A.B. asks: 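Pasting a structure below so you can have a look.
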Amino acid sequence: MSGRRVVVFPSAAELGPALAHLVASRADKALLDHGRFSLGLSGGSLVSMLSKELPALPDLDCSHWLAGFCDERLVPFDDGESTYGLYKNQLFSKINIPDSGVLAIDPSLPVQECAEDYACKLKEAFPKEDIPVFDLLLLGMGPDGHTCSLFPDHPLLEETQKIVAPISDSPKPPPQRVTMTFPMVNLARCVVFVSTGGSKAPVLKQVLEGGEGPALPAARVFPSHGELFWLIDEPAAASLTVQVERPGSAAKL
Ligand SMILES: O=C1O[C@H](COP(=O)(O)O)[C@@H](O)[C@H](O)[C@H]1O
């Protein structure tokens, strides 16, 4: 692990471009190192931020990108809750990522088979690795401290064998989902959390500074050999006392 960096921006509007530059810089590095850039996407508020900021980058070439999903809701792609469906309409349609470069779930399958099928797709896409090592995972965090579809006090937090797991009792709707597990998340070369807004301030303090009781899911993300960033805005950072960076909007991370 290279250490955690908590970077605070005045607002989400300033955070967005810095996130896009971080994605582009890790993509450039991965393409030089191994000819492909693997990116794990999360849903929620990240969809609109990435869909606005990535296509705005000059000369972005996604022809050798592989995009997967850190978690996905088990609903048809045309359902407004489908993370793949949202990215397809809002992002993939605006960048030159090939269809073959997007690894999505098969939402027609029951949740258990869907998770197994998605795990097989991931393993096929990373044939040289026992556990796929993504170049970059972009994660969000819910107000309860969940990340991916790994929720507080859920048995999936203790999963050690599967790289992808089904969940059929998600406390946040929709209840059926498929999620990467910690063994895979914590092998990524770089993990970036994005968390904005005052409603995230209490849970962010608990995750970054600790508190009573078991560690929340987001606090369990610590890449064993990779980078860990928390990109947050001032309202989300309001209660923090840990050391943070405040680099301004032109930050190169
Ligand atoms: O349900 C989900 O929520 C989390 C957090 O979303 P946010 O809107 O609070 O940023 C998200 O990261 C995850 O992918 C999604 O399935």
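Keep in mind the model is a prediction, meaning the values are calculated, not measured. Just follow the structure's listing: the first ligand is 1, and inside any ligand the first atom is 1.
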A.B. asks: Pick whichever of Asp71, Leu138, Val194 has a heavy atom sitting closest to atom 14 (O) of ligand 1.
C.D. replies: Asp71
A.B. asks: Just by modelled atom types, is the Asn89 backbone N or O under 3.5 Å from a matching donor or acceptor in the Ser93 side chain?
C.D. replies: yes
A.B. asks: For ligand 1, which atoms have a heavy atom of Lys200 less than 4.0 angstrom away?
C.D. replies: 7 (P), 9 (O), 10 (O)
A.B. asks: Taking the six-membered ring of Phe126 as reference, does the cationic atom of Arg36 (NZ for Lys, CZ for Arg) lie under 6.0 Å from its centre and within 45° of its axis?
C.D. replies: yes
A.B. asks: Counting N and O atoms only, with roles assigned by atom type, does the side chain of Thr181 sit under 3.5 Å from a partner on the main chain of Ile163, one being a donor and the other an acceptor?
C.D. replies: yes
A.B. asks: Between Asp135 and Ser38, does any side-chain donor sit less than 3.5 Å from a side-chain acceptor?
C.D. replies: yes
A.B. asks: Going by distance only, is there an N or O of Ser149 that falls short of 3.5 Å from an N or O of ligand 1?
C.D. replies: no
A.B. asks: Could you check whether any side-chain N or O of Lys94 sits under 3.5 Å from a backbone N or O of Gln90, counting only pairs where one atom can act as donor and the other as acceptor?
C.D. replies: yes
A.B. asks: Are there more than 12 heavy atoms of other residues, nucleotides or ligands under 6.0 Å from atom CG of Asp153?
C.D. replies: no
A.B. asks: Checking a contact table here: which protein heavy atom is nearest atom 7 (P) of ligand 1, and how many Å away?
C.D. replies: Ser45 OG, 3.6 Å
A.B. asks: Please identify which atoms of ligand 1 are closer than 4.0 Å to at least one heavy atom of Ser42.
C.D. replies: 12 (O), 14 (O)
A.B. asks: Name the orientation class of the two ring planes belonging to Phe37 and Trp65 (parallel below 30°, tilted from 30 to 60°, perpendicular beyond 60°).
C.D. replies: perpendicular
A.B. asks: Return the residue, atom name and 0.1 Å-rounded distance of the protein heavy atom closest to atom 15 (C) of ligand 1.
C.D. replies: Arg73 NH2, 3.5 Å
A.B. asks: Tell me the protein heavy atom at minimum distance from atom 11 (C) of ligand 1, and give that distance in Å.
C.D. replies: Gly43 O, 3.9 Å
A.B. asks: Within the 4.0 Å heavy-atom shell around Gly44, which atoms of ligand 1 are there?
C.D. replies: 6 (O), 8 (O)
A.B. asks: Number the atoms of ligand 1 from 1 as they appear, then name those within less than 4.0 Å of a heavy atom of Met141, with their elements.
C.D. replies: 5 (C), 9 (O)
A.B. asks: So which heavy atom in the protein is nearest atom 3 (O) of ligand 1, and how far is it from that ligand atom?
C.D. replies: Lys172 NZ, 2.9 Å
A.B. asks: Is the shortest side-chain N to carboxylate O distance from Glu234 to Arg246 below 4.0 Å?
C.D. replies: yes
A.B. asks: Could you say whether the N/O atoms of Leu139 and ligand 1 ever approach to under 3.5 Å?
C.D. replies: no
A.B. asks: If the cut-off is 4.0 Å to any non-hydrogen atom of Gly140, which atoms of ligand 1 fall inside it?
C.D. replies: 12 (O)
A.B. asks: Decide side chain to side chain contact (heavy atoms under 4.5 Å, CB included) for Arg220 and Asn186; before the verdict, give the C-alpha distance in whole Å, the side-chain angles of both, and the deciding distance to 0.1 Å.
C.D. replies: CA-CA 9 Å; Arg220 296 177 179 223; Asn186 281 328; 5.6 Å; no
A.B. asks: Only heavy atoms of Arg177, strictly under 4.0 Å: list the atoms of ligand 1 that pass.
C.D. replies: 1 (O), 2 (C), 16 (O)
A.B. asks: What I want to know is whether His146 and ligand 1 share at least one N or O pair that is separated by under 3.5 angstrom.
C.D. replies: yes
A.B. asks: Heavy atom to atom 5 (C) of ligand 1, shortest distance: which of Gly142, Ser170, Pro171 holds it?
C.D. replies: Gly142
A.B. asks: Which word best sums up how the rings of Phe92 and Tyr84 line up, parallel for under 30°, tilted for 30 to 60°, or perpendicular for over 60°?
C.D. replies: tilted
